[in-house]
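Worth saying up front: this structure is predicted, and the values here are computed from it rather than measured. Remember, it's 1-based here, ligands and their atoms both numbered in the order they're listed.
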Amino acid sequence: MSEITNKRTSKPVKSIAVLTSGGDAPGMNAALRAVVRSALKHGLEVFFVNDGYKGLVEGDIHPVIDRNFVKDIINRGGTIIQSGRLPEFAKLEVQKKAVLQLKRRNIDSLIAIGGDGTYRGLLALSKLGVHCIGIPGTIDNDIASTDFTIGFDTCLNTICDCVDKIRDTSSSHQRCSLIEVMGRHCGDLAVFSGIAEGVEAVITYDYRIPEEEFINDLRELEKKKKHHAIILISENLLDINELAAKINRETGFECKTEVLGRLQRGGKPSAFDRILASKLGNHAVETLIQGRYCRVTGIIANEVRDIDIDEALAMPRDRKENLTRLLDILR
Ligand code: F6P
């Protein structure tokens with residue numbers, strides 16, 4: 001339990017600021033919409049912050065006049081209030097500047113939509129007296145305290161769409177396609193899309209078939225009358241061009257590499273992400289109103305929950321369902 005501000009208080013929340021931080025994710029706008037609409041419904045004063053923590057420190061904070069501020073955004077990718085990363089926010093003097101900006105405007109609470117870096121920022125601000133709530137928004141699904149982050153489902157569908165297309169050309173030329181997907185240090189995007197696409201191999205930080213083994217598997221494919229192959233690999237892991245050269249040398253396949261890159265972050269949010277964002281955005285506001293601070297929202301076993309930020313940050317990732325066994329059986 002946090003020893004900080006997770007206490008019920010007699011002082012009710014009056015005004016909140018909302019920001020998006022870290023890599024943008026489809027569904028952030030839907031979460032922003034839910035926060036704004038829910039807060040206005042509860043009679044709170046609402047402010048938006050441009051550019052994430054940078055805007056907070058610089059005072060790029062503006063009142064939301066009415067509910068129309070978030071009209072027609074539920075289906076839009078990216079974030080209309082911009083996002084960014086601010087490594088300097090780890091410094092106390094920078095955090096204090098942010099608190100001052102909030103105090104100047106009589107804002108007592110902050111809701112931030114982002115990943116674990118965003119949560120660490122909220123934890124620091126909580127220690128300085130701001131009532132904070134985090135909403136998990138990142139394509140990576142690398143937050144242990146929620147089964148799914150906002151943006152993950154859309155990104156997964158985008159990857160599947162790309163792999164379907166690559167498969168068409170890969171099979172027409174009897175090639176092996178080595179496709180790099182995002183996820184920072186989390187393999188969920190690779191593993192989930194690997195299952196959804198029925199690929200030949202998946203390589204992530206936590207799930208690495210020894211190289212010789214999968215090279216051998218590729219050699220064996222010919223015997224199984226499979227003349228093309230798809231391999232998904234998480235980013236930041238190894239040099240995919242070197243691996244492709246090895247596949248070219250040691251198997252009968254011609255191997256081509258594809259890096260999907262930032263197109264994975266764009267596009268309209270899926271219905272799942274819009275609904276998840278709407279639930280978590282509303283829950284964030286209700287959590288504040290009920291006087292629970294320094295919390296993050298999430299979905300666990302299909303139930304909306306909120307837990308202490310420090311507890312969330314300390315949660316082991318292996319809490320979540322591990323799908324690699326299924327990958328092993330079905331490949
Ligand atoms: O966290 C989302 C993410 O897209 C990661 O998958 C990726 O490693 C990173 O952001 C890239 O960030 P940027 O666009 O700032 O280079």
| field | Those residues that, when tested against Ala25, pass side chain to side chain contact (heavy atoms under 4.5 Å, CB included) (two or more places apart) | value | Met28, Ile139
| Does a donor on one side chain sit under 3.5 Å from an acceptor on the other, for Asn157 and Ser270? |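 The answer is no; no qualifying pair exists.
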| message | Pairing donors with acceptors under 3.5 angstrom, does anything connect the side chains of Tyr207 and Asp328? | response | yes
| request: Could you list the residues that satisfy salt bridge (Lys or Arg N to Asp or Glu O under 4.0 Å) with Lys226, not counting sequence neighbours? | output: Glu200
| field | Under 4.0 Å from ligand 1, counting heavy atoms only: the protein residues, by chain and number | value | Arg85, Thr138, Ile139, Asp140, Met182, Gly183, Arg184, Glu235, Arg262, Arg265
| task | Please name all residues satisfying side-chain hydrogen bond (donor to acceptor under 3.5 Å, both in side chains) with Glu197, sequence neighbours left out, ordered by chain then number. | result |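 Once residues adjacent in sequence are excluded, the partners of Glu197 under the side-chain hydrogen bond (donor to acceptor under 3.5 Å, both in side chains) criterion are Arg167.
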| task | Check each of Arg317, Arg319, Arg305 against Asp147 using the salt bridge (Lys or Arg N to Asp or Glu O under 4.0 Å) test, and report the only one that passes. | result |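 Looking at Arg317, Arg319, Arg305, the match for Asp147 under the salt bridge (Lys or Arg N to Asp or Glu O under 4.0 Å) is Arg319.
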